[in-house]
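In this text the structure is predicted, and so the values were computed from the model without any measurement.
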Number of protein chains: 2
Amino acid sequence: MNLLKPIQQQKISDQVFEQLKELIFRGTLKPGEKLMPERVMADSMNVSRTTIRNAIGRLVTMGLVVHKQGKGTFVAMPDPKRDNPFALAMTAQNASIYDLLEVRMGLECVAAALAADRADDADISAMTQSITEMEKEVQAGRLGTEADTSFHMAVAYATKNQLHIQVMKNFYDYLFHGIRESLHFLYEDAQNIQLILDQHKAIMTAIVNRAPEKAYEAMQQHIEFVKEFFKQREK
Amino acid sequence: MNLLKPIQQQKISDQVFEQLKELIFRGTLKPGEKLMPERVMADSMNVSRTTIRNAIGRLVTMGLVVHKQGKGTFVAMPDPKRDNPFALAMTAQNASIYDLLEVRMGLECVAAALAADRADDADISAMTQSITEMEKEVQAGRLGTEADTSFHMAVAYATKNQLHIQVMKNFYDYLFHGIRESLHFLYEDAQNIQLILDQHKAIMTAIVNRAPEKAYEAMQQHIEFVKEFFKQREK
DNA sequence: ATTTATTAATGGTAATACCAATTTTGAAAA
DNA sequence: TTTTCAAAATTGGTATTACCATTAATAAAT
């Protein structure tokens with residue numbers, strides 16, 4: 001039976017939510033702009049504040065608006081991080097940079113070891129290129145952050161593990177857009193860059209020599225170095 | 001000034017949210033399972049239903065639970081079609097079980113070592129419970145896959161690394177779902193299950209004894225065992 | 001035993017009051 | 001006048017209570 005389609009009983013909060021979402025997506029409500037106070041909005045829409053808060057709450061967890069007690073609710077600034085899964089996870093769980101480094105430690109050390117087994121000529125040449133590129137950048141007075149990333153991605157590709165590659169792509173995409181500021185401190189010091197370059201070379205050497213354990217350790221020391229840097233800096 | 005650290009004024013709804021999320025992540029609340037009615041949950045937590053609804057509302061928009069008016073609130077089934085935070089679903093199709101195990105090797109071994117440093121009583125008891133649960137399941141003639149996952153998530157939680165927890169949750173939700181059939185072969189053999197149980201116990205013992213290296217190795221052997229099983233089976 | 005009406009259970013909305021953080025206001029002090 | 005600072009007004013967060021809407025469970029009628 002049931003030839004009749006059910007009248008889609010959309011919840012009231014759904015409708016409010018849709019309206020607000022539209023306003024934000026269309027740009028009628030611009031980033032940084034303040035929303036109406038909940039009480040006013042409830043009044044002008046003839047619904048309860050409860051419902052309004054429900055709708056806005058969804059926008060908050062979606063990261064489209066932010067609540068500020070005592071101030072109001074504001075449209076969130078368009079944030080490249082928002083599209084990045086890692087960034088979302090980081091902010092949602094308010095993870096620290098150490099959390100990040102620990103996860104990297106797990107992923108990249110094993111990756112380095114695998115790379116030592118599986119890297120082919122193309123992989124090696126990609127690593128080499130990343131290193132010389134980084135040297136050039138530094139010589140030119142720039143920070144070699146992109147070349148740095150390239151090196152690590154080259155290692156990832158050398159594992160031939162599609163899943164690992166995908167994960168690392170997400171990771172470094174975030175490192176770029178997400179914590180660029182934090183990393184600047186690391187790159188500011190020319191001494192650090194030289195050390196990083198040496199560490200990269202050590203990793204590559206181990207990979208070229210088909211020495212998985214060495215590669216593992218070299219990567220470990222590399223990440224440990226970064227971790228120590230931030231630890232020192234905290235004081 | 002500001003020598004005083006800000007008392008992290010976490011909202012009540014935040015705390016409720018965290019508790020519920022943890023129950024779901026750990027697998028204590030299994031997919032499809034019904035949550036307590038809001039009213040009794042509010043009562044047993046000594047907060048208002050308003051706050052409970054706020055917390056649950058977040059879980060809903062995150063897709064972890066679903067509301068059904070008149071019926072209740074239920075833990076959502078992990079849905080591959082759903083947007084997963086790390087966009088790994090597509091990769092999971094092409095990824096081999098070895099790819100998965102390699103990435104796990106990196107993440108979980110380091111995690112085990114960290115857990116040995118940081119696990120508290122609650123973590124230990126969660127691991128114990130997962131192990132006994134798995135034993136009970138096996139005794140009853142069922143496969144203890146869920147308890148197995150719970151154990152690994154317990155280790156993840158013991159790291160206190162929020163990012164790692166998030167990553168592992170997604171791994172188990174989306175990736176292992178794709179190779180569930182394959183895993184059946186592993187669990188079919190009672191002998192294997194016993195070995196897996198022993199390995200879990202070894203991991204936990206190392207963690208209890210605060211022996212990071214041992215924990216690392218125990219986890220390594222555990223994953224290596226699974227890998228070897230599938231390798232043998234290919235022939 | 002089947003069907004139907006009633007009741008209970010449970011999420012959704014409303015209304016009101018008060019708490020907590022922030023801004024604004026306005027009077028007192030300089 | 002300008003600055004300071006305390007009181008009041010704003011605004012999001014939580015609590016309470018009541019009632020609506022949907023579904024499941026139960027009792028009553030056939």
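In this structure Tyr157(B) satisfies the ring-ring contact (aromatic ring centres under 6.0 Å, His included) test with no other residue, sequence neighbours excluded. Applying the salt bridge (Lys or Arg N to Asp or Glu O under 4.0 Å) criterion to Glu188(B), with sequence neighbours excluded, gives no partner residue. Residues satisfying the salt bridge (Lys or Arg N to Asp or Glu O under 4.0 Å) test with Glu38(B), not counting sequence neighbours, are Arg49(B), Arg53(B). Residues passing the ring-ring contact (aromatic ring centres under 6.0 Å, His included) test with His164(A), sequence neighbours excluded: none. Qualifying side chain to side chain contact (heavy atoms under 4.5 Å, CB included) partners for Asp121(B), counting only residues two or more places apart in sequence or in other chains: none.
Atom C1' of nucleotide dA21(C) and atom CZ of Phe74(A) are separated by 13 Å, given to the nearest angstrom. Counting to the nearest Å, the C1' atom of dA15(D) and the CG atom of Asp43(B) are 13 Å from each other. Atom C1' of nucleotide dT13(C) and atom CE of Met41(A) are separated by 17 Å, given to the nearest angstrom. If you take CZ of Phe17(A) and P of dT13(C), they are 14 Å apart, rounded to a whole angstrom. Straight-line distance from the CD1 atom of Ile12(A) to the P atom of dA21(D): 9 Å, rounded to whole Å.
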- Using a cut-off of 4.0 Å between protein heavy atoms and nucleotide atoms, how would you tag nucleotides 4-12 of chain D 5' to 3' with B, S and -? ------BBB

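Contact annotation: Ser13(A) reaches the phosphate of dT13(C) (side-chain N/O to OP1 or OP2, under 4.0 Å). In this model, the phosphate group of dT13(C) is not approached by any side-chain N or O of Ser48(A) to a distance below 4.0 Å at OP1 or OP2. Neither OP1 nor OP2 of dG13(D) sits under 4.0 Å from any side-chain N or O of Thr51(B).
Residue His152(A) comes nearest to His222(A) through the heavy atom pair NE2-NE2, 3.2 Å, listed as atom of the first residue, atom of the second, then distance.
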